[in-house]
Amino acid sequence: MRSTLYNFLDHFSSIYLKRHSSKLRVLAYHTVPDNVKFEEQIQFLISEYNIISIDTLQLVLNGKTQLPEKPLIITFDDGDFSVYKKGLPVLKKYQLPAILFIITDLINTQENFWWKQIEKHYQDQGKTYLEARKKVNSLKQVPERERQKYLSKIPPVEYRQLSTEELEELSVNRVAIANHTHTHPMLNNCSNEEIEEELNQVQTRFEKLTFAYFNVFAYPNGNWDHRTEKLIQSKGISVAFLFDHQLNKKSLNPLRISRIAVNTDDDLPEFKVKVSGLHSRVLSLKKSLST
Ligand SMILES: [Zn+2]
């Protein structure tokens, strides 16, 4: 059903791309479980789009240069080990730039992401995945102190996180290491002091990693609001990425760069529809029809 739908929509994706070819597309990936499918996607992107780096985007935002036609940026959130293991060889092969938004508290550790910690805890108690995800979602809506308190009470879960050396290797191969906070809280649930502390911690870690981009930021979970935007700007963030499944408008707001969520294991028709921007149009149409 899903693939039939995307095969059908794919007929329109190239038309949609032509009509919106000058708009910046930013892809938001997380993991790379399947490097074969990822390479297939990359080959498609090379054939259809101009993949640009964060450095080029910053020049554009500073009025020093212009975007090429069909501009596209590749990003990865959270710094999963698979991005290094399976993603980097593909990016390297085609010499493509990308951005990796890292959670600095996890660098050089064996600790899993906090949502995975909860999933494992629930599994160990014989509870379902759905129940675990409900808990994760509920913790995305409570004050930051409550999230921390809950996490401190459940057992840690081992996971291979990226090391400084691996981040450096990514960096010399055109993957910019950028800011995704220190512990991945929902910024809208944090006090001003908590946000400042998060960014201070990132800054301290990044000062040791001379290659990292502190000023380039992605909102954890995409949770954005006016207060946090002002605050992160005052702390030195000059380019911030959302998670709103939209194409960018022609005039870019450096602190609100839209991104489209994609998966490295999406089948090609589904991937093409998502990247074209048609997918987000269909989604918003569905939403407006249902409300
Ligand atoms: Zn994230």
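The residues of the chain are indexed from 1 along the displayed sequence. In each ligand, atom 1 is the first atom listed, and ligand 1 is the first ligand listed.
Tyr150 carries Lys135 over the face of its six-membered ring, with the cationic atom under 6.0 Å from the centre and within 45° of the normal.
Both Leu100 and Leu27 sit in one connected hydrophobic cluster of ILVMFWY residues. Membership requires side-chain heavy atoms under 4.5 Å apart, directly or through other members. Under the 4.5 Å side-chain heavy-atom criterion for grouping Ile, Leu, Val, Met, Phe, Trp and Tyr, Leu88 is not connected to Ile54 through any hydrophobic cluster.
Screening Phe243, Phe76, Phe101 for a ring-ring contact (aromatic ring centres under 6.0 Å, His included) involving Tyr29 leaves a single residue, Phe76.
A salt bridge links Arg160 to Glu166: at least one charged side-chain nitrogen sits closer than 4.0 Å to a carboxylate oxygen. In summary, Asp267 and Lys272 do not engage in a salt bridge, as defined by a charged side-chain N under 4.0 Å from a carboxylate O.
Distances under 2.8 Å from the Zn ion (ligand 1) pick out the protein N/O/S atoms Asp78 OD1, His180 NE2, His184 NE2.
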